[in-house]
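So you know, we letter chains A, B, ... as the sequences are listed, proteins then strands, and number each from 1. A quick note: this is a predicted structure, and the numbers were derived from the prediction, not measured. Atoms considered below: every heavy atom in the structure, side chains included; atoms not considered: hydrogens, waters and symmetry mates.
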Amino acid sequence: MNYEDVMKLALERGFYFPSCEIYADAQAGFWEYGPSGVSLKNKFLELWRRELIRRDGMMEIDGSQIMSKSVFEASGHLGNFADPIIKCIKCKSTFRADRTIAEISKIEIPESADLIEFDNAVTQNNIKCPRCKGDFEKTRKFNMMFKVGIGPEEEEAYLRPETCQSIFVDFPRLFKTMRGKLPLGIAQVGKSFRNEIAPRQSLLRLREFYQAEIEVFCNPTKLDEMDRFSEIQNTIIRIQTDAEPISMTCMEAVESKVIPNKFVAYYLGILTEFYEKTGIDITKSRFRKLGDKEKAFYAEVAFDFEVETTIGWLELVACNYRSDYDLSSHAKKSNEKFEVMDNDEKVLPHVFEISMGIDRSLYTILEHSLRDDKENERIVLALKPYLSPIHVGILSLIKKDGLKEKTDEIYLQIKRKCDAFLDHSGAIGRRYRRLDEIGSPFAITVDYQTLEDETVTIRKRDSMEQSRIKISELQSIITESIAYP
RNA sequence: GCAGUCAUAGUAUAGCCUGGUUAGUAUUCGGGGUUUCCAACCCUGUGACGCGGGUUCGAAUCCCGCUGACUGCACCA
């Protein structure tokens with residue numbers, strides 16, 4: 001199933017839809033999650049917590065979305081998170097200043113250079129608009145952060161462009177008060193904000209989006225001392241350094257130096273195991289090692305976790321070895337001490353980051369789970385049971401003869417134990433189809449026999465098979481079937 | 001941000017060229033009936049011309065601006 005099919009399902013079944021859609025001035029790049037989307041997202045995050053946070057013994061925090069100017073001076077975002085752009089006076093086309101100058105005059109100006117350098121290069125080399133040969137306006141910087149004014153004086157602050165800055169800023173207090181020990185993972189889920197020039201494709205390119213970020217603080221001299229590595233040494237990951245992704249175990253990846261050390265390999269391993277459990281087809285995934293030009297300005301080694309979808313390879317997670325870039329720049333700017341003791345050694349920790357795009361992950365889960373079952377004339381969202389927005393539909397075969405009352409009773413018993421959905425109306429087949437589309441793995445139906453022997457039928461989403469079970473066993477059967485792995 | 005295409009119920013569409021009835025159809029959805037385990041059938045009901053301006057006696061229809069979507073380019077820490 002392709003992007004359009006997922007989009008249609010999202011709109012029709014309450015997964016996600018455009019923000020402020022009733023107003024004409026609604027801007028692109030903002031989307032809302034409906035009830036099904038929120039339920040899926042919550043369950044996805046619970047899985048993330050189980051498979052990464054708790055598994056590795058990490059801490060989780062929840063920081064401010066608005067952060068002070070100093071944070072982004074230190075982080076480099078005010079300087080580097082902006083592109084120098086030039087605009088043609090005549091045809092209004094906008095270009096990247098550094099690239100346009102390099103293409104026409106072969107002069108390389110770093111993108112972080114002073115704006116006047118770009119203007120000089122344009123006039124000295126007589127650079128004109130590549131489209132219409134018009135003149136350019138003065139170079140300006142387009143910063144992708146949203147600026148906000150705090151209080152009546154409109155003090156300068158910014159919406160965070162990545163969640164991780166609070167983790168770095170909070171690190172000294174957390175390490176001291178939470179009895180930190182290297183290596184230490186600190187995680188955060190939340191919104192980030194980027195003023196994208198061209199947001200596109202619903203959840204895939206947003207101006208306001210969810211990230212689940214993990215920053216692992218480590219002693220850079222002990223990157224191959226990783227006891228837990230044995231847990232994942234035989235886990236198969238797909239990794240791409242050249243043309244094609246190659247499958248190998250984490251052990252092989254370290255031994256062949258494709259991954260620089262056991263520390264990084266361990267986290268790529270548990271990340272792969274996590275994504276396997278989301279139902280994403282892991283044979284369509286790869287860790288792509290980024291070249292120097294593609295890497296973020298703070299990254300020393302970078303792997304993007306990408307998954308193949310009908311609209312191409314999608315970057316779901318950026319794994320960056322950020323070295324001491326963040327801690328040392330915050331230390332310098334703030335005069336706070338970021339060194340910690342690792343046994344007898346005083347170290348400024350390095351940081352390995354696992355920065356996950358939640359919205360893109362949810363899209364990919366939906367696309368990889370959505371099936372067109374032509375034989376039975378139905379659309380099935382074959383989600384893992386523990387991720388399904390609705391775990392079980394509680395249906396009465398018909399409304400009359402006391403069946404409705406009996407069904408209500410069962411619903412009351414179970415609705416606080418799992419996500420159950422009560423439905424009495426319409427043909428039974430139609431109700432099954434609706435549940436199939438939002439991925440409910442089970443439907444139970446109350447019929448005349450229920451009134452005689454306290455049994456109901458349970459229908460499985462994927463096979464459409466039905467069997468009879470006792471009402472007394474219903475709850476344990478359901479809770480067992482929807483349990484996290 | 002640029003260029004091209006487009007914008008009508010929850011979804012998919014007709015109508016627009018050539019301005020003029022109650023904006024049509026399919027599906028979805030609500031109520032009722034029938035059936036009594038897989039989108040059947042019958043009755044019934046709700047629901048739409050993206051926003052703003054202009055032309056006109058009259059605009060879904062013609063014109064302008066804006067916004068958004070799609071595709072391509074550029075961008076993507």
Given atom [atom1] of [X] and atom [atom2] of [N], what is their separation to the nearest angstrom?
{"X": "A/Asn195", "N": "B/G1", "atom1": "CG", "atom2": "C1'", "value": "12 Å"}
{"X": "A/Phe17", "N": "B/G10", "atom1": "CZ", "atom2": "P", "value": "13 Å"}
{"X": "A/Phe209", "N": "B/C76", "atom1": "CZ", "atom2": "P", "value": "15 Å"}
{"X": "A/Glu196", "N": "B/A69", "atom1": "CD", "atom2": "P", "value": "13 Å"}
{"X": "A/Gln211", "N": "B/C76", "atom1": "CD", "atom2": "C1'", "value": "13 Å"}
{"X": "A/Arg205", "N": "B/G72", "atom1": "CZ", "atom2": "C1'", "value": "14 Å"}
{"X": "A/Glu21", "N": "B/U8", "atom1": "CD", "atom2": "P", "value": "12 Å"}
{"X": "A/Glu315", "N": "B/C75", "atom1": "CD", "atom2": "P", "value": "16 Å"}

- Message: Under the rule for side-chain contact (heavy atoms from CB on, under 4.5 Å), what residues qualify as partners of A/Arg205, not counting sequence neighbours?
- Response: A/Glu196, A/Arg360

Roughly how far apart, to the nearest Å, are [N] and [M] at atom [atom1]?
{"N": "B/G50", "M": "B/A60", "atom1": "C1'", "answer": "12 Å"}
{"N": "B/U46", "M": "B/A9", "atom1": "C1'", "answer": "10 Å"}
{"N": "B/C49", "M": "B/A23", "atom1": "P", "answer": "11 Å"}
{"N": "B/U56", "M": "B/C63", "atom1": "P", "answer": "16 Å"}
{"N": "B/C43", "M": "B/U5", "atom1": "C1'", "answer": "43 Å"}
{"N": "B/U13", "M": "B/C6", "atom1": "C1'", "answer": "14 Å"}
{"N": "B/U25", "M": "B/A14", "atom1": "P", "answer": "15 Å"}
{"N": "B/C38", "M": "B/C70", "atom1": "C1'", "answer": "36 Å"}

- Message: Taking ring-ring contact (aromatic ring centres under 6.0 Å, His included) as the cut-off, I'd like each qualifying pair that reaches into residues 437-462 of chain A, sequence neighbours left out, listed once.
- Response: none

- Task: Apply side-chain hydrogen bond (donor to acceptor under 3.5 Å, both in side chains) to A/His350 and list each qualifying residue two or more places apart in sequence or on a separate chain.
- Result: A/Tyr321

- Message: Base contacts versus sugar-phosphate-only contacts with protein, heavy atoms under 4.0 Å: please encode nucleotides 28-42 of chain B as B, S and - from 5' to 3'.
- Response: SS-SS-SBBBBBS--

- Task: Show the numbers, then the answer: is there a side chain to side chain contact (heavy atoms under 4.5 Å, CB included) between A/Phe338 and A/His330?
- Result: CA-CA 8 Å; A/Phe338 281 74; A/His330 281 300; 3.8 Å; yes

- Query: Contact class for A/Pro161 vs. all strands (heavy atom < 4.0 Å): base, sugar-phosphate, or nothing?
  - Reply: base

- Message: Just to be sure I understand the rule, does A/Phe72 reach a base, reach only the sugar-phosphate, or reach nothing, if contact means heavy atoms closer than 4.0 Å?
- Response: nothing

- Note on the structure: On RNA chain B, more 5' by nearest nucleotide between A/Ile22 and A/Trp31 is A/Ile22

Could you please name the partner base of [N], counting Watson-Crick and G-U wobble pairs only when both distances are under 3.5 Å?
{"N": "B/U55", "value": "none"}
{"N": "B/C41", "value": "B/G33"}
{"N": "B/A23", "value": "none"}
{"N": "B/G1", "value": "B/C73"}

Nucleotide N/O of nucleotides 65-68 of chain B paired with protein N/O under 3.5 Å:
residue : atom : partner : partner atom : Å
B/U67   : O2'  : A/Ala24 : O            : 2.5
B/U67   : O2'  : A/Ala26 : O            : 3.3
B/G68   : OP1  : A/Gln27 : OE1          : 3.4
B/G68   : OP1  : A/Ala28 : N            : 3.4

Hey, are [X] and [Y] close enough for a salt bridge, meaning a charged N less than 4.0 Å from a carboxylate O?
{"X": "A/Lys406", "Y": "A/Glu409", "answer": "yes"}
{"X": "A/Asp372", "Y": "A/Lys374", "answer": "yes"}
{"X": "A/Arg468", "Y": "A/Asp447", "answer": "yes"}
{"X": "A/Asp462", "Y": "A/Arg371", "answer": "no"}

- Candidates A/Arg459, A/Arg461, A/Arg431 - the one meeting salt bridge (charged side-chain N to carboxylate O under 4.0 Å, His left out) with A/Asp436: A/Arg459

Which side-chain N or O atoms in residues 62-74 of chain A pair as donor and acceptor under 3.5 Å with protein atoms at least two apart or in another chain?
residue : atom : partner  : partner atom : Å
A/Lys69 : NZ   : A/Glu156 : OE1          : 3.4
A/Glu73 : OE1  : A/Lys333 : NZ           : 2.5

- Message: So does A/Cys164 get a backbone contact from the side chain of A/Glu213, meaning a donor-acceptor N/O pair under 3.5 Å?
- Response: yes

